[in-house]
Amino acid sequence: MGILPRDFYARNTVEVARDLLGKVLVHGETAGRIVEVEAYLGSGDEAAHSARGLTPRTRVIFGPPGHAYVYLIYGMYECLNIVAEPEGQAGCVLLRALEPLAGIEVMKQRRGNKALCNGPGKLTRALGVTWENYGADLTTGPLRVEDWGYQPGEITVSARIGISVSAELPLRFHISGNPHVSRP
DNA sequence: GAAGTGATATCCT
DNA sequence: GGATATCACTTCG
């Protein structure tokens with residue numbers, strides 16, 4: 001239990017993604033168990049932002065692991081990624097769904113009493129994550145990932161959602177039968 | 001099922 | 001330097 005060490009993130013992106021299931025994302029008063037993630041690699045993954053090259057927007061993905069990569073999509077929604085791989089290697093894990101654990105009342109207020117965390121955009125709104133958290137260190141800051149001793153059950157591997165290229169790659173991981181995933 | 005939203009990247013002048 | 005095409009989604013009809 002406790003905050004995950006940086007070594008946890010300095011590994012193959014797919015391994016990090018799988019191991020993140022069951023861990024807990026904490027931001028201030030709110031916390032949620034990670035139940036669904038997607039892996040985005042560097043080279044060879046056309047769906048990843050990093051595949052378009054190193055830009056001011058994507059530079060964090062190429063930086064040291066254990067940091068947050070937050071980006072604004074479709075004008076209104078932020079998506080939260082966790083940087084993996086050793087520094088210099090591109091790779092990140094997109095958090096798609098959480099199971100709310102703490103600060104649920106706060107989330108309900110922010111979300112208008114609707115579904116809380118079953119989607120990337122909703123997830124960030126519920127936890128209050130914004131692009132101001134871009135580049136935040138997840139091993140030290142108010143935004144962090146902890147191990148609360150949960151053992152994820154069976155893990156389902158499937159294709160990623162909502163993308164147009166490399167969509168057939170089995171890089172989405174979620175906890176089987178969990179009602180909080182974005183798509184059963 | 002369709003539209004809407006704003007930052008980025010990639011063309012154009 | 002300016003315009004437009006793109007986008008890993010959500011909400012509303």
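Quick note on labels: first sequence line is chain A, next is B, and so on, each numbered from 1. All values below come from the heavy atoms of this structure, side chains included, with hydrogens, waters and symmetry mates left out.
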Straight-line distance of A/I155 CD1 to A/R18 CZ, nearest 0.5 Å: 5.0 Å
Least distance between heavy atoms, A/I175 atom then A/G22 atom: CD1-N, 4.0 Å
Length of the line joining A/K122:NZ and C/dC12:P, which is rounded to integer Å: 11 Å
Note, A/E38 side chain near A/H174 side chain (heavy atom, < 4.5 Å): no
Sugar-phosphate, base or nothing in reach of A/R96, heavy atoms under 4.0 Å: sugar-phosphate
Rounded interatomic separation in angstrom, taking NE2 from A/H49 and C1' from C/dC9: 12 Å
Flag side-chain contact, heavy atom, 4.5 Å: A/L4 against A/L20: yes
Validation row: A/I163, A/Y40 side chains within 4.5 angstrom (heavy atoms): yes
Separation of C/dT11 P from A/N118 CG (nearest whole Å): 9 Å
A/I161 CD1 to C/dA8 P, straight-line distance once rounded to whole Å: 13 Å
Closest approach of A/Y9 to A/V16 (non-hydrogen atoms, all atoms of both residues): O-CG2, 3.8 Å
Nearest-nucleotide 5' precedence on DNA chain C, A/V165 against A/R125: A/V165
Check: A/S166 main-chain N/O paired with A/R160 side-chain donor or acceptor under 3.5 Å: yes
Interatomic distance, A/E78 CD vs C/dT10 C1' [rounded to whole Å]: 13 Å
Side-chain donor or acceptor of A/N133 paired with backbone N/O of A/A136 under 3.5 Å: no
Exercise: identify the closest heavy-atom pair between A/E36 and A/S182: OE1-N, 2.7 Å
Any side-chain heavy-atom pair of A/H27 and A/V129 under 4.5 Å: yes
Start and end of chain A contact along DNA chain B [non-hydrogen atoms, under 4.0 Å]: B/dT5 to B/dA9
For DNA chain B, the dot-bracket pattern of Watson-Crick and G-U pairs whose distances stay under 3.5 Å, | for other-strand partners: ||||.|||||||.
Rounded interatomic separation in angstrom, taking CZ from A/R160 and C1' from C/dC7: 15 Å
Between C1' of C/dA8 and CG of A/L171, the distance in whole Å: 12 Å
Between C1' of C/dA8 and CZ of A/R172, the distance in whole Å: 13 Å
Under 3.5 Å donor-acceptor, A/T124 side chain and A/T130 backbone: no
B/S/- contact track for nucleotides 1-6 of chain C, protein heavy atom under 4.0 Å: ------
